[in-house]
Number of protein chains: 2
Amino acid sequence: MSKSSTNLTIKDIAKLSGVSKSTVSRVINHDPMVKESTRNKVMAIVEQYQFTPSKSARAMRGYGNKVIGIIVTRLDSISENHAVQSMLPIFYANGYDPIIIESQFSAAKVAEHLMMLREKQADGIIVFAFTGLDSSLLTVWQHKCVVIARPFSAYSCICYDDIGAVNKALTYLYQSEKHKKIGFIGVDKQDQTTGGLRYQAYIDFCTAYKIQPNAVLGNLSYYSGYELAESVLVHSPTAIVCATDSIALGLNKFLSEKNINNIIVISIGSSELLNFLFSQTITVDLGFDKAGIYAANELLLMLEKQVNAKIITVPSQLLK
Amino acid sequence: MSKSSTNLTIKDIAKLSGVSKSTVSRVINHDPMVKESTRNKVMAIVEQYQFTPSKSARAMRGYGNKVIGIIVTRLDSISENHAVQSMLPIFYANGYDPIIIESQFSAAKVAEHLMMLREKQADGIIVFAFTGLDSSLLTVWQHKCVVIARPFSAYSCICYDDIGAVNKALTYLYQSEKHKKIGFIGVDKQDQTTGGLRYQAYIDFCTAYKIQPNAVLGNLSYYSGYELAESVLVHSPTAIVCATDSIALGLNKFLSEKNINNIIVISIGSSELLNFLFSQTITVDLGFDKAGIYAANELLLMLEKQVNAKIITVPSQLLK
DNA sequence: TTGTACGCGTTATCAC
DNA sequence: GTGATAACGCGTACAA
């Protein structure tokens, strides 16, 4: 009926409901100082015409755009994907428009994207950290920013339980299953968390329980797991812990090809694909989806009221 | 040195360079009617202070936001990820900020997102189509929209070579390798392209070459490939064509578990993971990355000048 | 309680 | 060539 061709403005709504622009503005922004009757009157028109205030205009008034920037390292990272997918509904439910961008592990790109987000008057950001990303880039955003996967001091961070996850895996193998020869395939220590932390946890466990370490480090790809398999197997372990599910995929392929099926594989990180393809693999869930939920809620909290930075560690869970 | 705390406006630049706002605006927008000397003078200041005009303000002036909306079905779709990753650099290079959103195969969500994009004054959109998405939703965007994976009439579309890909697979098996008993695992025909088109191509080839069809249809998951394997194998084919790489993963898992290794598997869709895990599988590359490039360039073309809708089919390629 | 007038940062239309 | 000025849609002191 009503021509909904071109978008209505606050002025039109004012005319239509017989009040002034300011009153309409007050109604929209839930100013308590408006008479019940006029509020209803205006709201009726607003509903009827499906009016929504121009975001650009509000942004210009310094209002914030109801925009959250989400900077992932790579769009095709399975773990980050899960985290993002679980935070999106939360942002939508609170009226925020999440905009996803890719850093490709480049600090320079992060800087670029942050500039863009500032221009767009984004209200807050979520950053998936990586080796080489410096917290100094984020200073401007300090109080409207949640960092994932690295514990930057003075920032709100969501971290994975790298150490606990490895310990859970090793405890299960050593205590419950009485394995004595446990190998480890990890990633280079230059990667502080997935690399350094998980490797160190393995080493620490070994020294604590007087196990002969048998570790080898590569990169994050499944090729790495495949290629490094042999150098761990040469010490004839009865179980092998993989620092990531990709590595576990590679290792499993190797074992499957060589028809080796008396070795237990435990993966830090539990992906649907790994569980499907190699269902005998034991996995430790790092809780990517929970991380997303934590991150989103924490950010919304920060935007609502001043809240001091905290570091949340997502609990891990052994799945057997 | 210079305090870069709060953002400068066009007014500040004007004051700083001793001209008026209008002249600064002209310089920024490459108006040829400005004296060389003043342009240089202004540009110097612009560079020095790293000034960039407020996007919100431009948007309000109806200028367009230099924003491209990209509506994917799911963030973790490997194929769409590839396409998106290949279009992002193109948009960045042309000064556009791509914003990625998830439809989750829901037409209602698409409608919501489109509303949001309109409010934000997005300049154009790219939509990954799916079963249940109606082109009527897109009418407002008709001339600034590229659709991927479905041939909507009167829209610019990038389509995959479903029929050609299946034909290439079958031709290879039948002509070059002399297979006579070729099975097919596909997806339900309700999915018009991946489901209907690829199945029909198989059937057509069979009737053309008088092959006894041996097809079964399920869904897009790798579980489906695994579960349907048996009902195809029961007719003892020597080769099986899988409509997607996920299905091929599932089928390969089944074959591997049963120690069946005399059956050729061909997958429509070539993923890195499939090639890694089951390297003996022959794959037909549908060209997801090329699709992204085509889509981005086509959209940029549409935004620049009037150009009539065309349908581009991405060539497929057999990889053996 | 509501309306008026102004400013946000930009571009477009005039004059000069 | 360049500068003043109006306009975009909105929020908000200030006045009524």
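Predicted model only: the values in this text are computed from it and were never measured. Residue numbers start from 1 in every chain, and the chains themselves are labelled A, B, ... in the order their sequence lines are given, proteins ahead of strands.
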Tell me the interatomic distance from [X], atom [atom1], to [N], atom [atom2], rounded to whole angstroms.
X: B/Lys66; N: C/dT11; atom1: NZ; atom2: P; result: 13 Å
X: B/Asn29; N: C/dA12; atom1: CG; atom2: P; result: 7 Å
X: A/Phe51; N: D/dG9; atom1: CZ; atom2: P; result: 10 Å
X: A/Gln121; N: D/dG11; atom1: CD; atom2: P; result: 14 Å
X: B/Arg61; N: D/dA6; atom1: CZ; atom2: P; result: 13 Å
X: B/Glu36; N: D/dG1; atom1: CD; atom2: C1'; result: 13 Å
X: B/Asp12; N: C/dC8; atom1: CG; atom2: C1'; result: 13 Å
X: B/Asp31; N: C/dT10; atom1: CG; atom2: P; result: 17 Å

Comparing A/Ser54 with B/Val34, nearest DNA chain D nucleotide closer to 5' gives the residue B/Val34

Taking for A/Ile10 and for B/Lys21 the nucleotide of DNA chain D with the nearest heavy atom, the one nearer the 5' end belongs to B/Lys21

[X] side chain: which of [options] is closest?
X: B/Lys11; options: D/dT2, C/dC8, D/dT5; result: C/dC8
X: A/Ser25; options: D/dG11, D/dG9, C/dT10; result: D/dG11
X: A/Met60; options: D/dG9, C/dT1, D/dC8; result: D/dG9

Would you say A/Ile78 has more than 12 foreign heavy atoms packed within less than 6.0 Å of its CD1?
no

With a 4.0 Å cut-off on heavy atoms, is A/Arg58 in touch with a base, just the backbone sugar-phosphate, or nothing at all?
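Since only primed, P, OP1 and OP2 atoms lie under 4.0 Å of A/Arg58, the category is sugar-phosphate.
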
SB check A/Lys55 A/Asp97 (cutoff 4.0 Å)
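Answer for the salt bridge query: yes.
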
Answer yes when B/Arg150 and B/Asp191 have at least one side-chain N-carboxylate O distance shorter than 4.0 Å, and no when they do not.
yes

Heavy-atom side-chain contact between B/Phe128 and B/Ser103 under 4.5 Å
no

Contact check, side chains of A/Val46 and A/Val27, non-hydrogen atoms, under 4.5 Å:
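With C-beta onward as the side chain, the pair stays apart.
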
Is the distance from OP1 or OP2 of [N] to the nearest side-chain N or O of [X] less than 4.0 Å?
X: B/Arg26; N: D/dT2; answer: no
X: A/Ser20; N: C/dG3; answer: yes
X: A/Ser56; N: D/dC8; answer: no
X: A/Ser22; N: C/dG3; answer: no
X: B/Thr38; N: D/dT2; answer: yes

First encountered from the 5' end of DNA chain C, between A/Ala57 and A/Gly18
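This one resolves to A/Gly18.
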
